[in-house]
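For ligands, and for the atoms within them, numbers begin at 1 and follow the listed sequence. Worth knowing before you read on, the calculation uses all heavy atoms, side chains too, and leaves out hydrogens, waters and symmetry mates.
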Amino acid sequence: LARNWAMIPHVTQFDEADITALEAHRVKLNQQNEKLGIKVTILAFLIKAVVDTLKKYPEANSSLDGDNLVVKHYYHIGFAADTPNGLVVPVIRDADRKSVLEIAREAAELAKKAREGKLSPAEMQGGCFTISSLGGIGGTKFTPIINAPEVAILGVSRSEIRPMWNGKAFAPRLMLPLSLSYDHRVVDGAAGARFVTYLSQLLSEMAPAMKVAAPARKKPQTRLIKWQDERAKRVGLQNRPAALGSIPSPKVAAPARKKKPARKSAVRKPAKKPKKR
Ligand code: COA
C-alpha cells in the first residue's frame, strides 16, 4: 500500500447516495430470506451498483501494464476485509453474473475465511476494482489507497439520517458517504466525478429495479489499449488510447475454451479515444 500511495497519482472524489429506499428494500429482503440464513448488507448492493458503473465508465475497469492500458470486460470485485492478521482483499469473481443474494452469501463466506486466515491465494487474485467499506465501523469520509494494478477504489463510510432539501421542505433521508480514489494517469477528474455521481444515482434509484435472479452468462474479455497523448507522456507513459484489438482474459477469469479462428473485427483502426459504454 505504501508503494501504491507513493507511485500512483491519487485523486479522491467524494459524494453521497440517498439509500433510504435501498435500505428499506434491504431490510425487507432480509426478512424474506431469513430462513435461507443469508444476511444482505449494503456491500452486496454496492458491488452490483459498482459493476453497472464500471460498464458505463470502462476506464475505471482497467489496469496499467507498462505503456498499455488493459480494459477488462469482466467484473471481479474485491472488498477489503479487516482481519486479526491485517487487511486482505477477497475477490467476488464475475459479480455481473450473480444476484445480490449470491453476492451477499459469497462475501460473507469469503469474509469469514479471511478472518480465519483460510483464504487461498486464488481467492484474493484477479480483482478489477476494490471496495473498502468501513461503514460497519464508523467515520464520515476517508481516502482509500488504490489496490494496484487496479486504477480505482471505492471507499464507503457509515450511513446516517440527515435532513435533505427536496425543493419544498427538509426531509429525513439515509445518506451513504462515498469516496472514489482513482489513478489520475488513467481517469480524468471529470470522468472520476461522473463515475461517482452515476454510482450515487444508481444506489438512490436501484431498489425498485432490483433483479434477484442472476443474468445469463457472457464470455469475459479484456481489451488492450495503447496510450499516446501529451498528458500520458507528462506522467511517464508513451501512448494515448488506440484500440489494438482483443486479447483473451486471464486464465483465472474464465474456464479454458477451445481456440477459435481470429475474428476479422479483432484488428481495428486505431481510435483516438476508447469508446464509452
Ligand atoms: N452504514 C451503516 N451501517 C453499515 C454500513 C454502512 N455503510 N455498512 C455496514 N453496516 C452495518 C451492517 O448492516 C451491519 O449491521 P447489523 O449488525 O446491525 O446488521 C454492521 O454494520 C456490520 O456489518 P459488516 O460486518 O461490516 O458487514 P459488511 O458486509 O458491511 O462488511 C466487510 C463486510 C468484510 C467489508 C467488513 O466486515 C470489513 O472488514 N470492513 C473493513 C474494511 C477495511 O478494513 N477497510 C480499510 C482498508 S484500508
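Evaluated by nearest non-hydrogen atom to atom 4 (C) of ligand 1, the leading choice among Gly138, Ala81, Gly135 is Gly135. Ranked by closest heavy atom to atom 16 (P) of ligand 1, the top entry among Arg158, Arg115, Lys39 is Lys39. The residue from Val89, Ile137, Thr41 that puts a heavy atom closest to atom 27 (O) of ligand 1 is Thr41. Checking Ala108, Gly136, Ala80 against atom 11 (C) of ligand 1, the nearest heavy atom belongs to Gly136.
Using a cutoff of 4.0 Å between basic side-chain nitrogens and carboxylate oxygens, Glu102 and Arg105 are not scored as salt-bridged.
Listed by number with element, the atoms of ligand 1 under 4.0 angstrom from any heavy atom of Ser159 are 1 (N), 2 (C), 6 (C), 7 (N). Per-residue contacts place Ser132 under 4.0 angstrom from the following atoms of ligand 1 (heavy atoms of the residue considered): 45 (N), 46 (C), 47 (C). Listed by number with element, the atoms of ligand 1 under 4.0 Å from a non-hydrogen atom of Asp82 are 38 (C), 39 (O), 41 (C), 44 (O). Set against the non-hydrogen atoms of Leu176, the atoms of ligand 1 under 4.0 Å away are 7 (N).
Although no hydrogens or angles enter the test, the distance criterion places no donor-acceptor pair under 3.5 Å between the side chain of Ser200 and the main chain of Val196. Judged by distance alone, with hydrogens and angles left aside, the side-chain atoms of Asp15 form no donor-acceptor pair with the main-chain N or O of Leu178 at under 3.5 Å. Side-chain atoms of Asn30 come within 3.5 Å of backbone atoms of Val40 as a donor-acceptor pair (strictly under, hydrogens ignored).
Contacts of Leu1 with ligand 1, taken as heavy-atom pairs under 4.0 Å, are absent altogether. Counting heavy atoms under 4.0 Å from ligand 1, residue Ile145 does not touch it at all. If you look at Ile42 next to ligand 1, the close heavy atoms, those under 4.0 Å, all belong to the side chain. Only side-chain heavy atoms of Leu87 come within less than 4.0 Å of ligand 1; its backbone N, CA, C and O stay farther off. Of all the heavy atoms of Ala44, none lies under 4.0 Å from any atom of ligand 1, so neither backbone nor side chain is involved.
Counting only heavy atoms of the protein, atom 33 (C) of ligand 1 lies nearest to Leu43 CD2, 4.2 Å. Considering only non-hydrogen protein atoms, atom 43 (C) of ligand 1 sits nearest to Leu134 CD2, 3.5 Å. What sits closest to atom 41 (C) of ligand 1 on the protein, heavy atoms only, is Ser133 O, 3.5 Å.
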Query - Verdict with supporting geometry, Glu109 and Lys112, salt bridge (charged side-chain N to carboxylate O under 4.0 Å, His left out) - result: CA-CA 5 Å; Glu109 283 166 8; Lys112 183 169 179 280; over 6 Å; no
Query - side chain to side chain donor-acceptor pair (under 3.5 Å) between Thr130 and Glu150, worked out - result: CA-CA 8 Å; Thr130 298; Glu150 296 164 22; 2.7 Å; yes
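Between Ser157 and Phe142, some side-chain heavy-atom pair lies under the 4.5 Å cut-off. Annotation: side chain of Asp188 is not in contact with side chain of Tyr182 (no heavy-atom distance under 4.5 Å).
Note on residues 79-89: no pairs pass side-chain hydrogen bond (donor to acceptor under 3.5 Å, both in side chains), not counting sequence neighbours.
Follow the hydrophobic side-chain contacts under 4.5 Å out from Val100 and you reach Phe79 in the same cluster.
Heavy atoms of Ser157 approach ligand 1 to within less than 4.0 angstrom.
Within the 4.0 angstrom cut-off, atom 18 (O) of ligand 1 has no protein heavy-atom neighbours. In this structure, atom 25 (O) of ligand 1 is not in close contact with the protein, since no protein heavy atom lies within 4.0 Å of it.
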